[in-house]
J.: 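Mind having a look at this structure? Questions to follow.
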Amino acid sequence: MSTALPLGIDVGGSGIKGAPVDLDKGEFAQERVRIDTPAESTPEAVCDIIARIVEQFDEVHDGSPIGVTVPGVVQHGVVKTAANIHKSWINCEIEKLLEDRLQHDVVVVNDADAAGVAELAYGAAKGQDGLVIMTTLGTGIGTAVINRGVLVPNSELGHLEIDGVDAETVAASSIKTAEGLSYEEWAPRLQRYYRYLEDLMWPDLIVVGGGVSKKSDKFLPLLDLRTPIVPAVLRNAAGIIGAAVLANGYQQERGRHTS
């Protein structure tokens with residue numbers, strides 16, 4: 001039997017994607033599988049899709065840890081908020097639900113946290129041993145805070161109140177689209193957000209992810225910050241890869257505590 005590989009699964013508003021991950025290379029060990037997110041995206045319905053994805057991969061053995069991202073705050077395996085998924089997720093004990101269903105060790109994490117971990121391990125923040133803040137510009141603004149290689153989970157810094165309003169309601173990529181803003185018109189909003197963020201947190205590096213990051217050359221040069229700010233490199237693979245990294249780490253930690 002070949003070595004069991006960790007599986008990363010990324011739960012999004014439109015699709016649920018998964019793949020085994022080669023942690024030595026920081027890339028998928030097999031082509032990812034994507035299944036549409038159910039219209040009624042309750043925890044049970046999403047668990048059904050996750051189980052279907054797990055069944056697709058021979059690489060996932062009994063010993064394979066599984067990491068799952070969700071677009072919400074996750075504390076001790078319990079979902080506390082629900083963005084772009086069914087409100088019945090709130091207070092759902094999702095780790096226990098999945099472990100009972102899959103009979104695997106499962107770790108569930110916030111999607112931006114997973115992306116940040118992936119960028120630190122293999123992407124734009126690799127080799128950075130200071131304070132890194134990952135921001136994902138999309139429907140809202142997701143954030144991941146990583147200090148000296150250690151994730152500080154569920155930071156939710158996209159919800160900072162700036163000038164009396166929730167930052168993501170004026171600076172998210174979805175707002176740029178909804179209001180038909182040019183990059184030049186959007187940049188001052190990002191400038192206000194990132195300047196406030198760097199004054200509050202004093203990071204060594206800011207990494208910008210989300211779909212719009214592939215066009216980072218159109219807006220990052222318009223920002224005037226003291227903190228280096230760079231685009232993410234793993235893009236849509238970051239959630240899956242980061243989930244697998246975290247699941248593998250938690251499994252090793254559990255093993256140390258039980259051995």
Side-chain angles (χ1 to χ4, degrees), residues 7-19 28 32-54 56 66-75 77-95 97-98 101 106-119 134-144 153-159 166-179 181 186 208-215 232 234-244 246-247:
L7 180 71
I9 296 177
D10 192 12
V11 176
S14 59
I16 300 172
K17 306 161 288 283
F28 299 164
R32 74 169 197 179
V33 170
R34 182 192 185 280
I35 300 176
D36 286 347
T37 303
E40 188 80 358
S41 56
T42 63
E44 291 77 11
V46 169
C47 284
D48 287 343
I49 301 297
I50 290 172
R52 285 172 55 191
I53 291 174
V54 172
Q56 301 293 312
I66 297 174
V68 177
T69 80
V70 295
V73 168
V74 185
Q75 280 189 315
V78 180
V79 180
K80 297 296 186 177
T81 65
N84 302 317
I85 51 176
H86 201 272
K87 298 307 178 188
S88 62
W89 280 79
I90 296 175
N91 293 323
C92 171
E93 296 183 16
I94 187 61
E95 276 186 10
L97 192 66
L98 281 168
R101 176 69 185 271
V106 177
V107 173
V108 182
V109 298
N110 172 266
D111 52 1
D113 283 345
V117 167
E119 289 292 332
M134 168 95 175
T135 63
T136 56
L137 302 175
T139 304
I141 299 177
T143 62
N154 300 312
S155 52
E156 295 290 288
L157 295 175
H159 294 296
D166 185 327
E168 71 173 23
T169 65
V170 296
S173 176
S174 63
I175 304 302
K176 174 188 179 299
T177 301
E179 297 186 14
L181 302 176
W186 185 42
V208 180
V212 74
S213 65
K214 61 179 176 286
K215 296 183 179 178
L234 297 175
R235 296 189 184 163
N236 289 339
I240 291 173
I241 292 172
L246 287 166

J.: Within this structure, what is the CG-NZ distance for the pair Asn91 and Lys80, rounded to the nearest 0.5 Å?
T.: 5.0 Å

J.: Does Asp111 use its side chain to pair, donor to acceptor, with the backbone of Val11 at less than 3.5 Å?
T.: no

J.: Between atom OG1 of Thr81 and atom NZ of Lys87, what is the distance when rounded to the nearest 0.5 Å?
T.: 8.0 Å

J.: Using a 4.5 Å cut-off on heavy atoms from C-beta on, say whether the side chain of Cys47 contacts that of Ile94.
T.: yes

J.: Check the side chains of Ser155 and Thr143 for a donor-acceptor pair under 3.5 angstrom, ignoring hydrogens and angles.
T.: yes

J.: Answer whether the closest heavy-atom distance between the side chains of Cys92 and Glu44 falls below 4.5 Å.
T.: no

J.: Are Leu157 and Thr135 close enough that some pair of their side-chain heavy atoms sits under 4.5 Å apart?
T.: no

J.: When rounded to the nearest 0.5 angstrom, what distance separates CD1 in Ile240 from CG in Asp10?
T.: 6.0 Å

J.: Closest approach of Ala232 and Gly209, non-hydrogen atoms and distance?
T.: CB-CA, 3.9 Å

J.: Which heavy-atom pair separates Gly18 from Ile53 by the least distance, and what is that distance?
T.: CA-CG2, 4.0 Å

J.: Take Leu137 and Ser213, measure what side-chain contact (heavy atoms from CB on, under 4.5 Å) needs, and give me the verdict at the end.
T.: CA-CA 8 Å; Leu137 302 175; Ser213 65; over 6 Å; no

J.: Identify the residue among Val107, Val108, Val54, Leu98 that makes a side-chain contact (heavy atoms from CB on, under 4.5 Å) with Ile66.
T.: Val54

J.: Could you grab the distance from atom NZ of Lys17 to atom CG of Asn236, nearest 0.5 Å is fine?
T.: 7.0 Å

J.: Provide the closest heavy-atom pair for Ser88 versus Pro43 in the form atom of the first, atom of the second, distance.
T.: OG-CD, 3.2 Å

J.: Between Gly140 and Glu168, which heavy-atom pair has the shortest distance, and what is it?
T.: CA-OE1, 3.3 Å

J.: CD1 of Ile241 to CG of Leu246: how many Å apart, nearest 0.5 Å?
T.: 12.0 Å

J.: Taking the side chain as every heavy atom from C-beta outward, state whether Arg101 and Asp48 have any atom pair closer than 4.5 Å.
T.: yes

J.: Return the minimal non-hydrogen interatomic distance between Asn154 and Gly72, and the atom names on each side.
T.: OD1-O, 4.4 Å

J.: Between the main-chain N or O of Val212 and the side-chain N or O of Lys215, is there a donor-acceptor pair closer than 3.5 Å?
T.: no

J.: In the structure I gave you, are the side-chain heavy atoms of Val46 and Ile85 within less than 4.5 Å of one another anywhere?
T.: no

J.: For residues Ile9 and Ile16, determine if any side-chain heavy atom of one lies less than 4.5 Å from a side-chain heavy atom of the other.
T.: yes

J.: Looking only at heavy atoms, which two atoms of Trp89 and Val70 are closest? And how far apart?
T.: CZ3-CG1, 3.8 Å

J.: Measure the shortest side-chain to side-chain distance between Glu156 and Asn110 over non-hydrogen atoms and say whether it is less than 4.5 angstrom.
T.: yes

J.: Does any non-hydrogen side-chain atom of Pro38 lie less than 4.5 Å from one of Ile49?
T.: yes

